[in-house]
Amino acid sequence: MRGLLILFVVALLPGCQEARSPFPIPAAKATGLILSAPVPPITTSAKLTRSDFEGHVALLKKRLPSKEFSIVIQEPFVVVGDEEEVMVKQRAENTVKWAVDRLKQDFFAQDPEQILEIWLFKDKLSYEKHTQLIFKDKPTTPFGYYSPTHKALIMNIATGGGTLVHEIVHPFIEANFPACPSWLNEGLGSLYEQSGEENGHIRGYTNWRLPGLQEAIKADTVPSFKALTGTSPNAFYNDGRGTNYAQARYLCYYLQQKGLLVKFYKEFYANQKTDPTGYTTLQKVLGETDMDQFKKRWEKFVLDLRQGYEVTVE
Ligand SMILES: [Zn+2]
């Protein structure tokens, strides 16, 4: 992997949008916390062991809807799917482990506290049938979604691995940065729904969210970064203009291309009490005093992007 550019690209297709999932995420749920209640300290003694995972698998086996399903422990997840067993193993290794290792390397110190299942349904038919049968869900996204209620990432894996990587980001944000606002949670999730590896690090590439954002920039309908970063979860997900995901994604992409994304994440995390939206930290990390001028430059940057795989490392 030394020094090679793109090794593989995890997806060609769009990822989830929680707003359309069966579990629209209100403020408290999105962060995994009851915001008004005092937060107990995280007890590290609850760290999951291999036997916890094996016990989970033993119970999961009893819940499987048919013999077609196979199960792979890929900590901190349990992966279960109805493709050929060898394929389920490959996805556990090549997508889940790949993404988890690289996300942890750059962003996340803590694993999710509870065992989460990743259900990989082999096609549309299986996805629609089993979301109903197992979870009593009627998904409104054809790709997949994260259900905190069921402690599961639920995927139609025939649509590609990109949604899976997107959704993997969310439980890690919950575990590591519970007060993270939706714009950054979804900005990072959607950045990595189209990603590959460069110099051993995960890297997001331009994707299908670009053309719509470019149209919105031309129509001058993209809100200020102060407005974007200040959106409540409800306002973020109930986005009448439809630009929030793309604006957040391409802000993260811009930071990545300038070598500032990991720095921004860490500084924002450290300063979350005094800067809960991240806006002040954003200005500081960018070195910008005039955010209207910055937005103009960012818009030009976005308009110059092409859909495809950006490999230039600045
Ligand atoms: Zn998401």
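Read the numbers this way: they start at 1 and go in the same order the structure lists the ligands and their atoms.
Residue contacts to the Zn ion (ligand 1): Glu167 brings no N, O or S atom closer than 2.8 Å.
Between Tyr253 and Tyr250, a ring centre-to-centre spacing shorter than 6.0 Å is recorded. Separation of the Tyr245 and Phe236 ring centroids falls under the 6.0 Å cut-off. In this structure, Tyr254 has its ring center under 6.0 Å from that of Phe294.
When the Zn ion (ligand 1) is compared with the N/O/S atoms of His166, atom NE2 turns out nearest. Within Glu186, the N, O or S atom lying nearest to the Zn ion (ligand 1) carries the name OE1.
One hydrophobic cluster, built from ILVMFWY side chains closer than 4.5 Å, cannot hold both Trp119 and Met87; they sit in different ones.
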